[in-house]
Amino acid sequence: MKFSRRDFAKIIGTAALGASTIPALGAGGKETEGLSNALQNGTGKFPDGFLWGSATASYQVEGAVAEDGRKPSIWDTFSHTPGKTVEGATGDVANDHYHRYKEDVQLMKSLGVKTYRFSIAWPRVFPDGTGQPNPKGLDFYNRLVDELLKNGIEPFATLYHWDLPQVMQDKYGGWESRTTSEAFANYAGYTAEKLSDRVKHFFTINEFGAFMEVGYRWGVHAPGLKLPPGRFNQARHYAVLGHGLAVEAIRAKAKADTRIGLAENMTICAPVIETPEHVEAATKAARELNAQYMTVIQEGKYTDLYLENAGKDAPKFTDAELKTISSRLDFAGINIYTPTYIRADGSKQGFAVVPHPSSFPHAPSPWLFVGPEALYWGPRHVHKLWGVKEIYITENGCSAADVPAADGKVYDTDRVTYLRNYLAQLQRATVDGVPVKGYFLWSLMDNFEWADGYTNRFGIHYVDYKTQKRTPKLSAEFYKAVIARNGLV
Ligand code: NOJ
């Protein structure tokens, strides 16, 4: 039988009509009519009290870079250096969140999020890195925190999301020096002391695995260095030491009920196939491939293999430093976007990394391979390897093309699909008893995507940078429905 174009159009049309004969949500009849049985039966639910949130970071949204005493960070310098960011973009204005934070809190409120993860700019609080604090800089976060609490949204604060005061780089070589680790701890303790009457959760450092690797090794992010291996490993050590010293300082200065963790973009090791031998290999890999950051923080030692492979380039450290680095944490935060596939093999390490084939689906950000099971394996490894009992997904989301349609809306079905599939895997983790307590979607709104400037949009609200108008995308509607149901939709 032959189909003409017309027949085809007819069939498609009928299918579309068919869809409209299914009662729409809320369009008369029972609210649940038209939903799949699984959803009606309560499957796909998250644990009661699950903390749904969204996230941003200071330099990516605030703007107001010279206001109220803030001095430059390494990202101001880097983004103002010709050729370092796409189209020479800078965070000078970004989303103007510094002035529009009240409007942005309303975006959160309308989503129904229970919590918001933001970061505090070190150069606002200590413009010179150390020495005299700047009360006007801290006041912005006082205002923001008060506004969040007034609207029933719990603040989670990150103390370092990459905006190192420029002076620390100029004077001490940034994270190449222990002085920076100590200065960070001083700033962290001071800030937590001032805010911990209202902020109960602090993350020390965001993504060692990005700002160190991309900024100090590949030179693609601020401060744009390509350190040789020995110096680089030492800098990694001072970064995790900064985390440990900050944990100690926060414990010493903040209110007793303050909870402390970090937000790390671990390498997420997913077994190529979920059979026992590959699962075992992926678990080994999760420990080894995170040796420089998460593993030493959790275990208080560098793995033998890491030290052996580094050889003469291994970092120099003391037992006392390892003890500080592994100071007790109350929770772990993991930023998860993409999996690294692992298979079992007969090598000494017992695993091999399987590179993504060139045809592997990815978001516009070329590193963002779409592998939803990352959201299952990430928290599971953290729980199984180190017995962590409170885990947050501190970032998850994706970039998308995000072109407004004729009606002005952004139908980001790709992002919705991404989120739906990833959240299903997160829900699987909770069913398997992995103690994931919350999820922060990256990002509340489009923002300054570092070296990619404003070209890669990650928000669930579209930002028109000419007018600073925020418009909810389809993914915002989706996320709102997930939160309302506390489950998959
Ligand atoms: C992780 C970083 O923490 C965040 O700043 C960045 O925008 C997202 N990944 C997306 O690349």
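We count ligands from 1, going down the list as the structure has it; atoms in each ligand are counted the same way.
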Does even one non-hydrogen atom of F448 get within less than 4.0 Å of ligand 1? no
So for ligand 1, is H161 a polar contact partner (N or O within less than 3.5 Å, distance only)? yes
Looking at [atom], what's its closest protein heavy atom, distance included?
{"atom": "atom 1 (C) of ligand 1", "answer": "E395 OE1, 2.8 Å"}
{"atom": "atom 5 (O) of ligand 1", "answer": "Q60 OE1, 2.7 Å"}
{"atom": "atom 7 (O) of ligand 1", "answer": "E449 OE1, 2.6 Å"}

Name the orientation class of the two ring planes belonging to [X] and [Y] (parallel below 30°, tilted from 30 to 60°, perpendicular beyond 60°).
{"X": "Y302", "Y": "Y306", "result": "tilted"}
{"X": "W450", "Y": "F448", "result": "perpendicular"}
{"X": "F331", "Y": "F203", "result": "perpendicular"}

Are the ring centres of F156 and F440 closer than 6.0 Å? yes
Are the ring centres of F46 and W52 closer than 6.0 Å? yes
By the definition side-chain hydrogen bond (donor to acceptor under 3.5 Å, both in side chains), identify the one residue from R236, E264, Q298, H243 that meets it with Y293. R236
Atoms of ligand 1, numbered as shown, that sit under 4.0 Å from any heavy atom of W367: 11 (O)
Proximal atoms of ligand 1 relative to N206 (non-hydrogen, under 4.0 Å): 3 (O)
Note: N265, heavy atoms under 4.0 Å from ligand 1, region reported as neither
To which of Y59, W162, F458, Y337 does the heavy atom nearest atom 8 (C) of ligand 1 belong? Y337
